Amino acid sequence: MRLDRIFTHARLATMAGSEPYGAMEDGAVGVRDGRIAFVGHVTDAPDAAEIVDLEGRWVTPALVDCHTHIVFAGDRSLEFEKRLAGESYEAIAKAGGGIVSTVKAVRSSSAADLAAATLSRLDPLHQEGLGTIEIKTGYGLNFESELNMLKAIRSLGLVTGLRVQSTLLAAHAIPPEYAGRADDYVDEICIPLIREAAREGLADAVDAYCEKIAFSPEQTRRVFEAAREAGLMIKLHADQFSNLGGAALAAEFGALSADHLEYTDDAGVAAMAEAGTVAVILPGAFYMLNETQKPPIAALRKAGVPMALATDANPGSSPVLSLLMTANMACTLFGFTVEEALAGITRQGARALGLQNEIGTIEVGKRCDLAVWEVDNLAQLVQWVGARPLHGRILSGEWA
């Protein structure tokens, strides 16, 4: 079996198997047609048209950012000052700030404008070994602008080489023109958008923000029913500021993930465990909002709920463009182990997107998306904040 290319003399962190990190010394990864065709020791490697010596560097799966709002327009840096002065995120939102404040800028932007503005935000993530990113809408909040956001998200996958997953989050906030009429907004905007996005193939999943300042469980349920009818996967912003039973609701619909989870109770954890719903933990928002209620990490771990990590990159509550810093915060703030943190931005991040059979581990048959690191050990990836330890990315078997 002659392969297209083989990467040799690597210290592999496959993130699969029973060994810590799935580690393998003096390993090799072979590629055929962009997919992994061999994983094993150098001495067992098959013949290949090209051999690339990685000279003992550590190699992990390319990183996965499974929850972002990185496509937007405008600026919300002044809200940061307001929060420092003591105003809460909820108070800012109720006063017309927060998510709604971004809407005007997005509504005046084209899909091309939105995509172009996003490219520079992706650069820091590229430099940290990103291979796959999920991007949500939710800043248009009307039919035309939400579709523009979806088109921008799809275009980013074409121009960057990243695997980009598109999530429709029309149920993110109630726009000013629907103030006091959230039910009408769901019926007139969210549900028709779900159907149109599915028809045009613009969305992979549907998300909603189930919270006191956003949508009720009953309204969220109607959004999810429409998503299920349209054949789209489901995700949920759940229990961030209060326990409305969002985690259990997500599990009821077989959601890929429930995200945030600071106020999730034992019943919600149990429901997620039974449904196989991934917990996406977002320490950037917790840190930036100066929250004190931590997600129930010990309960999730005990119940066997997979825990992914993501930047939640957005212009307000989590202006974070570093998965490695996210991993560090998960360890220092929430008690993740280093291995859990690295799994959270590789294997479990892939699971949170329904892509566990495609990416997230170094295994035969998966897309050959790898990150090559200049570190002595894997803990250095998580310990250091602000370091740039990446040697290079390999996407679909090619240097990116």
Side-chain angles (χ1 to χ4, degrees), residues 1-64 127-132 306-309 323-324 327-328 330-331 336-351 355-384 387-400:
M1 176 177 68
R2 186 173 173 83
L3 303 183
D4 300 329
R5 184 174 298 103
I6 193 157
F7 299 95
T8 65
H9 300 110
R11 303 174 75 185
L12 299 180
T14 66
M15 304 310 295
S18 58
E19 293 296 316
Y21 306 100
M24 181 184 302
E25 295 286 340
D26 205 19
V29 179
V31 186
R32 175 182 284 173
D33 297 328
R35 292 192 170 267
I36 298 172
F38 172 82
V39 179
H41 291 283
V42 169
T43 54
D44 300 322
D47 189 25
E50 180 183 4
I51 298 174
V52 180
D53 191 342
L54 296 182
E55 300 176 336
R57 294 182 175 91
W58 274 104
V59 177
T60 68
L63 303 189
V64 179
Q127 294 168 24
E128 287 190 346
L130 184 71
T132 296
M307 293 186 292
L309 295 170
L323 273 169
L324 295 182
N328 176 283
C331 293
F336 272 57
T337 68
V338 170
E339 186 172 7
E340 284 176 329
L342 289 178
I345 56 176
T346 54
R347 182 179 72 243
Q348 308 297 22
R351 184 176 295 277
L355 296 176
Q356 62 268 29
N357 295 324
E358 282 286 305
I359 57 169
T361 60
I362 303 175
E363 294 182 280
V364 171
K366 295 192 175 182
R367 178 167 144 161
C368 188
D369 288 357
L370 310 174
V372 184
W373 305 98
E374 298 279 6
V375 293
D376 297 320
N377 59 71
L378 295 170
Q380 289 178 355
L381 292 176
V382 177
Q383 176 197 12
W384 285 92
R388 285 289 181 265
L390 186 73
H391 176 75
R393 289 181 303 159
I394 297 163
L395 300 181
S396 294
E398 302 276 355
W399 286 107

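Everything quoted here is computed from the prediction, not taken from an experiment. Side chains are part of it too, since the values below use all heavy atoms of this structure and drop only hydrogens, waters and symmetry mates.
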Minimum side-chain heavy-atom gap [X]-[Y] below 4.5 Å:
| X | Y | answer |
| --- | --- | --- |
| R32 | D4 | yes |
| E358 | R35 | yes |
| F7 | I394 | yes |

(request) List for me each residue that meets side chain to side chain donor-acceptor pair (under 3.5 Å) alongside W373, sequence neighbours excluded, and say none if there are none. (result) T60

(message) Test of understanding: with side chain to side chain donor-acceptor pair (under 3.5 Å), list the residues that count as partners of T361, not counting sequence neighbours.
(response) E363, K366

(message) Can you list everything that forms a salt bridge (Lys or Arg N to Asp or Glu O under 4.0 Å) with E398? Sequence neighbours excluded, please.
(response) R5

(request) Identify, with sequence neighbours excluded, every residue that meets salt bridge (Lys or Arg N to Asp or Glu O under 4.0 Å) alongside E339. (result) none

Among all residues two or more places apart in sequence or in another chain, which pass the side-chain contact (heavy atoms from CB on, under 4.5 Å) test with [X]?
| X | result |
| --- | --- |
| A387 | W384, P389 |
| N357 | none |
| A308 | C66, V278, V280, Q348, A352 |
| A330 | P283, L309, F336 |

(request) Output every pair passing salt bridge (charged side-chain N to carboxylate O under 4.0 Å, His left out) with a member in residues 16-29, not counting sequence neighbours, ordered by first then second residue. (result) R11-E25

(request) Keeping to residues at least two apart or across chains, list the salt bridge (charged side-chain N to carboxylate O under 4.0 Å, His left out) pairs with something in residues 52-62. (result) E55-R57, R57-E374

Would you confirm whether [X], through its side chain, and [Y], through its main-chain N or O, come within 3.5 Å as a donor-acceptor pair?
| X | Y | answer |
| --- | --- | --- |
| R347 | G360 | no |
| N328 | C331 | no |
| T8 | V42 | no |
| D369 | S396 | yes |

For [X] versus [Y], what's the shortest heavy-atom pair and its separation?
| X | Y | value |
| --- | --- | --- |
| I6 | A45 | CD1-CB, 3.3 Å |
| L342 | L378 | CD1-CB, 3.9 Å |
| V372 | W399 | CG2-CH2, 4.0 Å |

[X] side, atom [atom1]; [Y] side, atom [atom2] - distance, nearest 0.5 Å:
| X | Y | atom1 | atom2 | answer |
| --- | --- | --- | --- | --- |
| Q127 | R388 | CD | CZ | 5.5 Å |
| D47 | F38 | CG | CZ | 12.5 Å |
| L323 | L381 | CG | CG | 12.0 Å |

